[in-house]
Asker: 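This is the structure I want to talk about, given as structure tokens.
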Amino acid sequence: MVILIRVPERDKHVSATAFFINIKNRAKIENMKLPIENRKYSNEITADDDGEHVSIAGWVHEKRDLGGVFFLIVRDREGFAQVTLHKKTIGKELFERAKKVPRESVVAIEGIVKSEQKAPNGYELIPEQMEVLSEASHVLPLDITGKVGAELDTRLDARFMDVRTERTKHIFIIRSRVLKTIRDFLDARGFIEINTPKIVSAATEGGTALFPITYFEREAFLNQSPQLYKQMLIASGFDSVFEIAPIFRAEEHDTTKHLNEASSVDVEVAFVSDKEVMKLLEALIASVYSKVALYPGLSKLNLQLEVPKVPFRRITYGEAIELILEAGEQIEWGEDLSTSAEHILGKTIGELYFITDWPRAIKPFYAQPTEGKDTCDAFDLMHPRLELASGSQRVHSYELLKENIESKGLSAKSFEFYLNAFRYGMPPHAGWGLGVERLLMSMLEIDNVREVVLFPRDRRRLVP
RNA sequence: GCCCGGGUGGUGUAGCGGCCUAUCAUUGAGCCCUGUCGAGGCUCGGACUCGGGUUCAAAUCCCGACCUGGGCGCCA
């Protein structure tokens, strides 16, 4: 097995994708006639390579038959390469075979690079050999050239094909880069990445509905969040931990911003207060925006990304209620914010902001009560369109936590595994959970959360 | 869960009681064309979600089921 690792040499030819991914890993494929282990990506070839012998491989994106000359547009991860066949100078067998390859078939082509001003990238490939590695069926489930649109439902049914489109491909490359940026950011600040169980026993922090599953002879549930576990690891002495993992909510909601399986970035930090983790959160968001703003593939999303300035605006829950009332919407102190209330605030404020000092009653038992008030040291990070994250200073006193759990009508006994961690040395700590999909959809101005998940799970969809 | 929409070739649509043997685009098959880049031109193929009802007549109206888009609720 041969593995080649290359780094693109010339910055100007580095593609949208290679902007981030500059290491390649190619293995030789057995049973192939063409030596494609040395294949080049379409963007690695330029007019300067005139006369060079190269191999490319990819999908047949389009075919343009002009009679005496035939163009085959081959698409790979990095872009498109034009393969040009002149009837008179190319072998008849190859010419006929190229014309017959169905669109979206996977081909490997070996040939000579020709500098050509009339060609899209300034070069074209004059083929000597072509191998069809996988012939595609004739009628495609979607048009991926962008001539005819497709509804989201149709696209999700054929998601593997939908990801071949430029827009969708770049959404998921951006998603990958966002997750890497988050990891790099937290890693640089001394965080330890943890993995906590997704199959849990009944005890839950409340609020949302859980998915029951069969765990051998017992009933178990899919975890709604890593909250309890990440706090327990604070007692372990890791000081700063994070997890990026799926969370499961069995709510039968049917909206453009809810999923039954979502991804969450969860952070927990010891020896700090809610104020510090808010600063961490806004710095992280700004860092993600600035990284994505530099991504060349952003142009495929028709988006001008503005990096938000830190610090974000902070308003208290009480101030939020006043703003909502001023706008003529009914709300009482103590109520959670409705969708329309969130929209009113979003419209009024018009940028990312925090809502702080929430009433104790509408925040979970682990949020630290503010001394002498009926509020707690909890915050939500809001985008004008929707909530992105929520967090708080945590209760670290065993007694208070136990009391809080019971006052919410939950059984302290079923939380014993969690409460125990507070009995033998638990530092003060604070943290938050951030919805990955919501960050992506709000940042990229995408209306439906399903667009930013490869294979979304919602009320109705379990396949693919 | 509630309230509004919608289900027509592979895809996206027009038609909304008889002019429907169903429109247009794209895709597919085939033909013409030597510089395309959403190539162009010509020929052909391909659809009314399912079940019940109303009517002389249903893609079109009514009822139900299923699927689906949006708003709200729940929730993050």
Side-chain angles (χ1 to χ4, degrees), chain A residues 61-75 79-90 95 99-100 102-104 114 116-122 124 136-158 161-162 165 204-210 224-225 227 246-266 335-343 362-364 378 380-383 386-391 432-439 441-442 447-450 458-461:
Chain A
H61 187 70
E62 281 195 275
K63 299 189 290 182
R64 295 193 195 103
D65 186 358
L66 279 72
V69 61
F70 180 79
F71 300 106
L72 195 68
I73 313 299
V74 176
R75 183 186 71 246
F80 304 89
Q82 173 165 294
V83 178
T84 305
L85 297 91
H86 292 278
K87 194 171 189 176
K88 279 190 180 160
T89 52
I90 218 89
F95 190 78
K99 277 172 72 165
K100 287 215 163 63
R103 285 164 65 221
E104 293 305 314
K114 190 183 158 207
E116 174 57 70
Q117 289 222 315
K118 285 178 279 186
N121 300 327
E124 58 191 13
S137 292
H138 278 287
V139 180
L140 304 171
L142 293 174
D143 164 51
I144 70 159
T145 61
K147 291 176 197 164
V148 181
E151 290 192 14
L152 184 58
D153 193 56
T154 307
R155 291 168 46 207
L156 291 176
D157 281 339
M161 176 83 60
D162 179 50
T165 64
T204 162
E205 53 193 277
T208 194
L210 299 184
Q224 71 175 94
S225 102
Q227 180 64 33
I247 55 173
F248 304 92
R249 309 279 165 102
E251 299 294 335
E252 295 191 9
H253 34 47
D254 202 357
T255 78
T256 52
K257 59 182 186 187
H258 290 91
L259 291 164
N260 293 295
E261 176 176 353
S263 296
S264 166
V265 177
D266 268 87
E335 279 178 49
D336 209 344
L337 304 184
S338 66
T339 307
S340 60
E342 279 183 11
H343 289 168
I362 53 173
K363 283 291 173 188
D380 279 8
L381 173 62
M382 307 294 296
H383 180 274
L386 76 177
E387 180 188 336
L388 298 184
S390 65
W432 42 257
L434 165 71
V436 172
E437 286 81 15
R438 290 189 169 191
L439 173 60
M441 73 184 283
S442 59
D447 291 333
N448 196 314
V449 68
R450 293 162 183 81
D458 62 32
R459 179 73 187 85
R460 298 188 184 104
R461 186 175 285 277

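The shown structure was predicted, so the numbers you read here are calculated from the model rather than taken from an experiment. First the proteins, then the strands, lettered A, B, ... as listed; each starts at 1.
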Asker: Assign A/Asn448 to base, sugar-phosphate, or nothing according to its heavy-atom contacts below 4.0 angstrom with the strands shown.
Answerer: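 Contact class for A/Asn448: sugar-phosphate only.
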Asker: Is A/Asp65 touching bases, backbone alone, or none of the nucleic acid, heavy atoms closer than 4.0 Å?
Answerer: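 Result for A/Asp65 = base.
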Asker: If the cut-off is 4.0 Å, is A/Lys87 near the phosphate of B/C32, judged by side-chain N/O to OP1 or OP2?
Answerer: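 Indeed not, no polar side-chain atom of A/Lys87 lies that close.
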Asker: Taking any heavy-atom pair under 4.0 Å as a contact, classify A/Glu116: base, sugar-phosphate, or nothing.
Answerer: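 Base: the residue A/Glu116, judged by heavy atoms under 4.0 Å, touches a nucleobase.
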Asker: Just name whichever nucleotide pairs with B/C72, Watson-Crick or G-U, keeping both distances under 3.5 Å, else none.
Answerer: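 Base partner found: B/G1.
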Asker: Base, sugar-phosphate alone, or nothing: which one does A/Lys88 contact when heavy atoms must sit under 4.0 Å apart?
Answerer: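 Base contact.
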Asker: Has the side chain of A/Glu124 got a donor or acceptor that lies under 3.5 Å from a partner of the other kind on the base of B/G35?
Answerer: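 Indeed, a donor on one side and an acceptor on the other fall under 3.5 Å apart.
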Asker: Using purine N1 to pyrimidine N3 plus N6-O4 or O6-N4 for Watson-Crick, or N1-O2 and O6-N3 for G-U wobble, each under 3.5 Å, what pairs with B/G28?
Answerer: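 Check on B/G28: paired to B/C44, both distances under 3.5 Å.
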Asker: State whether A/His258 places a side-chain N or O below 4.0 Å from either non-bridging phosphate oxygen (OP1 or OP2) of B/C74.
Answerer: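 Result: no.
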Asker: Excluding sequence neighbours, so at least two apart, what forms salt bridge (charged side-chain N to carboxylate O under 4.0 Å, His left out) with A/Arg249?
Answerer: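 A/Arg249 satisfies salt bridge (charged side-chain N to carboxylate O under 4.0 Å, His left out) with no other residue.
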Asker: RNA chain B: A/Thr154 or A/Gly68, which has the more 5' nearest nucleotide?
Answerer: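 Result of the comparison: A/Thr154.
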Asker: Any strand counts, and the cut-off is 3.5 Å on both contacts for Watson-Crick or G-U wobble. Which nucleotide pairs with B/A58?
Answerer: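 Its partner: none found.
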Asker: What nucleic acid atoms does A/Glu151 come within less than 4.0 Å of, heavy atoms only: base, sugar-phosphate, or nothing?
Answerer: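 Answer is sugar-phosphate: A/Glu151 comes under 4.0 Å of backbone atoms only.
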Asker: Using ring-ring contact (aromatic ring centres under 6.0 Å, His included) as the criterion, list what pairs up with A/His258, not counting sequence neighbours.
Answerer: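 Here the qualifying residues are A/His253.
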Asker: Could you measure between the two C1' atoms, the one in B/G1 and the one in B/A57, and give it in whole Å?
Answerer: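 It works out to 41 Å between them.
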Asker: May I ask you to say what A/Ser340 touches in the nucleic acid, namely base, sugar-phosphate or nothing, with a heavy-atom cut-off under 4.0 Å?
Answerer: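 Counting heavy atoms under 4.0 Å across all strands, no contact is made by A/Ser340.
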Asker: Could you tell me whether the phosphate oxygens of B/C37, OP1 or OP2, come under 4.0 Å of any side-chain nitrogen or oxygen in A/Arg64?
Answerer: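 False: A/Arg64 side-chain N/O out of range (4.0 Å or more) of B/C37 OP1/OP2.
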Asker: Hey, does A/Ala119 reach any base, or is it just sugar-phosphate, or nothing, if we go heavy atoms under 4.0 Å?
Answerer: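 Contact class for A/Ala119: base.
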Asker: For the residue pair A/His86 and A/Phe95, what are the closest heavy atoms and their distance?
Answerer: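 For A/His86 and A/Phe95, the tightest heavy-atom pair comes out as C-CE1, 4.2 Å.
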Asker: Just call it for A/His343: base, sugar-phosphate, or nothing, with non-hydrogen atoms closer than 4.0 Å on any strand.
Answerer: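 Result for A/His343 = sugar-phosphate.
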Asker: Could you pick out which residue, A/Ser390 or A/Arg460, lies toward the 5' side of RNA chain B when each is mapped onto its nearest nucleotide?
Answerer: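 Its nucleotide being nearer the 5' end, the pick is A/Arg460.
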Asker: Between B/C61 and B/C2, how many Å separate the two C1' atoms, rounded to a whole number?
Answerer: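 Approximately 27 Å lies between the C1' atom of B/C61 and that of B/C2.
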Asker: Just checking A/Ser225: base, sugar-phosphate only, or nothing, at a heavy-atom cut-off of under 4.0 Å?
Answerer: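 No contact at all - A/Ser225 keeps every heavy atom at 4.0 Å or more from the nucleic acid.
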Asker: Looking at B/U36, which nucleotide sits across from it as a Watson-Crick or G-U wobble partner, both distances under 3.5 angstrom, or is there none?
Answerer: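 Base-paired to nothing in any strand shown.
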Asker: Can A/Thr145 and A/Glu62 be counted as having a side-chain donor-acceptor contact under 3.5 angstrom?
Answerer: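 No, no side-chain donor-acceptor pair sits under 3.5 Å.
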